[in-house]
Amino acid sequence: MEKIYKHQETEGKWYSFWEKKGFFRAKIDPKKEPFMIIMPPPNANGELHIGHALFVTLEDILIRFNRMLGRPTLWLPGADHAGIQTQVVYERLLEKQGKTRYDLGRDKFYSEVYDFTMKNKATMENQLSRLGASCDWSREKFTLDSEISKAVYHTFKKLFNEGLAYRGERLVNWCPRCTTALSDAEVAHKEKEATLWFIKYPLAEEKGKFIIVTTTRPETMLGDTAVAVNPTDRRYKNLIGCKAIVPLINREIPIIEDSVVDKKFGTGAVKVTPAHDPTDFEISERHDLKRVQVIGFDNRITDEGGKYAGLKVNEARRQILEDLKKESLLEKEVPHLHSVGRCERCNDVIEPLVSLQWFVKMPPLAKPAIEVVKEGKIKFIPKRYEKIYFQWMENLRDWCVSRQIWWGHQLPIWYCGSKGLSDLQMKLNNLPETPGCGEIIVSTEEPKQCPKCHNAKLVRDPDTFDTWFSSGQWPFTTLSWPEKTQDFQYFYPTSVMETGYEILFLWVSRMIMLGLYCTDKIPFRTVYLHGIVRDAKGQKMSKSKGNVINPLTIADQYGADAIRIALVFNSTPGNDLNLGEDKIRGMRNFTNKIWNIARFVIDFKPDFYDHKISTEKLKLEDKKILSELKKTKEKVTKSLENYRFSDAAQILYQFIWHQFADIYVEKSKDRREETQVILEEVLKVSMELLHPFMPYVTEEVWQRLPHEGKSIMVTPWPK
RNA sequence: GGGUACGUAGCUCAGUUGGUUAGAGCGCUGCGUUCACAUCGCAGAGGUCACAGGUUCGAAUCCUGUCGUGCCCACCA
């Protein structure tokens, strides 16, 4: 054997060996209890990053461990079309060529993005393989596969028929850059230093007197339809019911009372802009106020804004402040810290706007989803995330599932004639007006005509589903639901959902809700949440900081085994982990240590030695290493059963390096004929225990030792 | 404002229901290469477990408070 272990030569060899032998393919055995993980489908719009390497490692450890335990084991891989994110990525590529999606048109854009996605998907599959992912490629799925789409439509139809999906005009989070509505979960709030302006609104009845309101967004005053104060605020008691005048546009608006107003904030009087602020929208519902939309979907002031019409929001703000100053209506301005919502995908500032969208009612879906966790039917690791989950689930607003983008599942909704569409949809998609009765038809297949008026010219809703609406059904759509296939019957509910804590709300909660709703069963029994991989100093990895560790480059350099074990060594569930090249190098050294123990054991060929361990001949050191091996077996098994990957890895590291190599191997040197069989046994079992963590080097060594069976991968877990 | 987590060796972090001299990796110091491995070995230094109280026979671990840090959520006009 060579002096140095060459991962470049072994890794590819063993992966294709395993694949050819069909070891990744799950086989149903009704007599045995299955183990199954649905792989969180990576977004097919780029390459794998270190976060993917972490999930591959954790899931592959669980999969290989359970497979060796003899359970029929399925790890189902997939890829996500990742709606908005992919569309943003592709639009940025187009931008470099000076183009927009509108230059291509919907069909061409879709097919280009499709090709782009397929290319990325193929790259990622290759990268997953390189990391040793022992998933069942024969069952691979993509979120836009036709059966998956059908299942997604089926679910929506069910929701619609049962009154849980509805269309409504609501205040939604609007991303001007993506030109789409977003769900609450897709908006990231960040604190920002801003200004709080105090603006004088003249009183209509008393000349020369004012009520002073405070705002961080003076430009929205164009859409003010009231001034609100707290009912218990004595300062304004006799103004309630009076009128104020919105400066610059001279609109007369009522002064009203509403308990949502905080007396202590600013002057205690707030301007109410129902069309552009969630709180104000609610006030308008309580007081039946008009909603004047002054900011358009293009982020410019609408015609309602009088002389400011057509200005961009920022320009309008500057102009309005200037004009207010001229009229001496700007009382003062003070620095103010407040949070601004941004689009999670493109980072543009979110504009709350009223628009007609499709929603899914949350409370009826959330209730059972809370119960199954409370009852312990689904367990979270670590447990503290259960509390975070409850808090979120108990305060859910209805879920806006329609997106005004082109990349994704187009809504399975048809309207009889264009009047079913909103003005926004007509404009964004440049659609012609067509006659019809306006009937709404939700169907998994294109309907031939309107059931009401028999009009055959139906218009399909141009919007697409929120990506998370389809991925929220991933645990069962991948198993061919709603058909009750053998795979579905046998493997569902799945065993573990292993994913990052950052998508607890976006994804995990939706899977639980939709899983229960669609299948009447929990989608998985355990939720294991991992943290974010940071650099050696705990900084978030980013291209601009130049501290990104590319898992594939690192795997080339140090081996997939090294990066895998580095990712679990000394890290804990639910917490972020720091990873530097030093740590990976250290694990490469561990790989080489294993290799050299193997050289010592395997390259020695005594003329004769007994191939069975005979208890009478055992010396103290032999007994010691064998009993340590036994303890190691027990501890590693227990740790893996309890998802304590780091413990298991450290136990093995300590045992192999410090007890086996440093002590026993040294002591064995004087009496090789007697110890050879023990060396072989200890090494073989060590490899088997380590295999889930470091699949390649363990296979390479195992194959060179006396063994039964074809591969370490399918050998029984040491007892 | 609410929630949650963290503060342990120079650095990065483990430490599962409280129990003997508190651990690992990297780094550091000294010595050592024919004889598996310098991607190595041997020996070693280094911590009042943020701080202050409390519970206990016993606390890094449980409780209360203080200081500091991170993250999440929220209708912070």
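Keep in mind that what you see is a predicted model, and the values were worked out from it rather than measured.
A/Tyr385 comes within 4.0 angstrom of nothing in the nucleic acid, heavy atoms only. Using a 4.0 Å heavy-atom criterion, one finds that A/Val601 contacts no nucleic acid atom at all. In this structure, A/Phe281 reaches neither bases nor backbone, as no heavy-atom distance under 4.0 Å exists between it and the strands shown. Counting any heavy atom pair closer than 4.0 Å across all strands shown, A/Leu337 reaches a base atom. Counting any heavy atom pair closer than 4.0 Å across all strands shown, A/Gln654 reaches sugar-phosphate atoms only and no base atom. A/Thr215 comes within 4.0 angstrom of sugar-phosphate atoms only, judged by non-hydrogen atoms across all strands, and of no base.
When each of A/Asp582 and A/Arg217 is assigned the nucleotide of RNA chain B bearing its nearest heavy atom, the one mapping closer to the 5' terminus is A/Asp582. Each of A/Ile663 and A/His336 was matched to the nucleotide of RNA chain B holding its nearest heavy atom; the match closer to the 5' end belongs to A/Ile663.
Taking the six-membered ring where the residue is Trp, A/Tyr653 and A/Phe590 present tilted rings, their angle falling between 30° and 60°. Taking the six-membered ring where tryptophan is involved, the planes of A/Trp468 and A/Trp507 are tilted, since the angle between them lies from 30° to 60°.
Because its NZ or CZ atom is not both nearer than 6.0 Å to the ring centre of A/Phe505 and within 45° of the ring axis, A/Arg510 does not count as a cation-pi partner of that residue. A cation-pi arrangement, defined by a distance under 6.0 Å to the six-membered ring centre and an angle within 45 degrees of its axis, is present between A/Lys374 and A/Phe390. In this structure, A/Arg588 forms no cation-pi arrangement with A/Tyr558, as its terminal cationic atom is not both closer than 6.0 Å to the ring centre and no more than 45° off the ring axis.
What separates NZ of A/Lys271 from P of B/A77 is a distance of 11 Å, to the nearest Å. When the C1' atom of B/C71 is taken as reference, atom CG of A/Leu504 falls 13 Å away, rounded to whole Å. Protein atom NE2 of A/His338 is 15 Å distant from nucleotide atom C1' of B/A74, rounded to whole Å. Distance CD (A/Glu193) to P (B/C76): 17 Å, rounded to an integer number of Å. In this structure, the CH2 atom of A/Trp197 is 15 Å from the C1' atom of B/C76, given to the nearest Å. In this structure, CD1 of A/Ile350 is placed 13 Å from P of B/A74, rounded to the nearest angstrom. One atom, NZ of A/Lys583, and another, P of B/C26, lie 11 Å apart when rounded to the nearest Å. Separating the CD atom of A/Glu386 from the P atom of B/C72 is a distance of 21 Å, rounded to the nearest angstrom.
In this structure, of B/C73, B/U12, B/A24, it is B/A24 that holds the atom nearest to the side chain of A/Phe569. The side chain of A/Arg384 has B/U4 as its nearest neighbour among B/A24, B/U4, B/A77.
Base pairing analysis places B/G53 opposite B/C63; the two distances defining the Watson-Crick or G-U wobble pair are each below 3.5 Å. For B/U48, there is no paired base (Watson-Crick or G-U wobble, both distances below 3.5 Å). Base pairing analysis places B/G30 opposite B/C42; the two distances defining the Watson-Crick or G-U wobble pair are each below 3.5 Å. Of all nucleotides present, only B/A5 satisfies the Watson-Crick or G-U wobble test against B/U69, with each distance under 3.5 Å. Nucleotide B/U12 forms a pair with B/A24, judged by Watson-Crick or G-U wobble geometry with both contacts under 3.5 Å. Nucleotide B/A74: unpaired (no Watson-Crick or G-U wobble partner with both distances less than 3.5 Å).
The same atom, P, is picked in B/C71 and in B/G27; the two are 30 Å apart, to the nearest Å. Between B/A14 and B/U61, the two C1' atoms lie 14 Å apart (nearest whole Å). Taking atom P in both B/A45 and B/A24, the straight-line distance is 13 Å, to the nearest Å.
Outside the 6.0 Å centre-distance limit, the rings of A/His530 and A/Phe645 are not counted as a close aromatic pair. Side-chain rings of A/Tyr389 and A/Phe380 approach one another, their centers coming within less than 6.0 Å.
Residue-environment remark: NZ (A/Lys537) stays at or below the threshold of 12 foreign heavy atoms within 6.0 Å.
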(request) Do nucleotides 34-41 of chain B as a string where each nucleotide becomes B, S or -: B if the base has a protein heavy atom under 4.0 Å, S if just the sugar-phosphate does, - if no protein is that close. (result) --BBSBSS

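For B/A24, the base is not stacked against the aromatic ring of A/Tyr653, per a cut-off of 5.5 Å between centres and 30° between planes.
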Between protein and nucleotides 14-17 of chain B, what N or O pairs are separated by less than 3.5 Å?
{"residue": "B/A14", "atom": "OP1", "partner": "A/Thr572", "partner atom": "OG1", "Å": "3.1"}
{"residue": "B/A14", "atom": "O4'", "partner": "A/Asn570", "partner atom": "OD1", "Å": "2.8"}

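With respect to the salt-bridge test (charged N to carboxylate O, under 4.0 angstrom), the residues A/Asp184 and A/Arg397 qualify. A salt bridge does not link A/Lys263 to A/Asp233: none of the charged side-chain nitrogens sits closer than 4.0 Å to a carboxylate oxygen.
If you run side chain to side chain contact (heavy atoms under 4.5 Å, CB included) between A/Leu679 and each of A/Val665, A/Ile597, A/Ile625, only A/Val665 comes through.
For the pair A/Ala661 and A/Lys593, the tightest heavy-atom approach, listed with the atom from each and the gap, is CB-CD, 4.3 Å.
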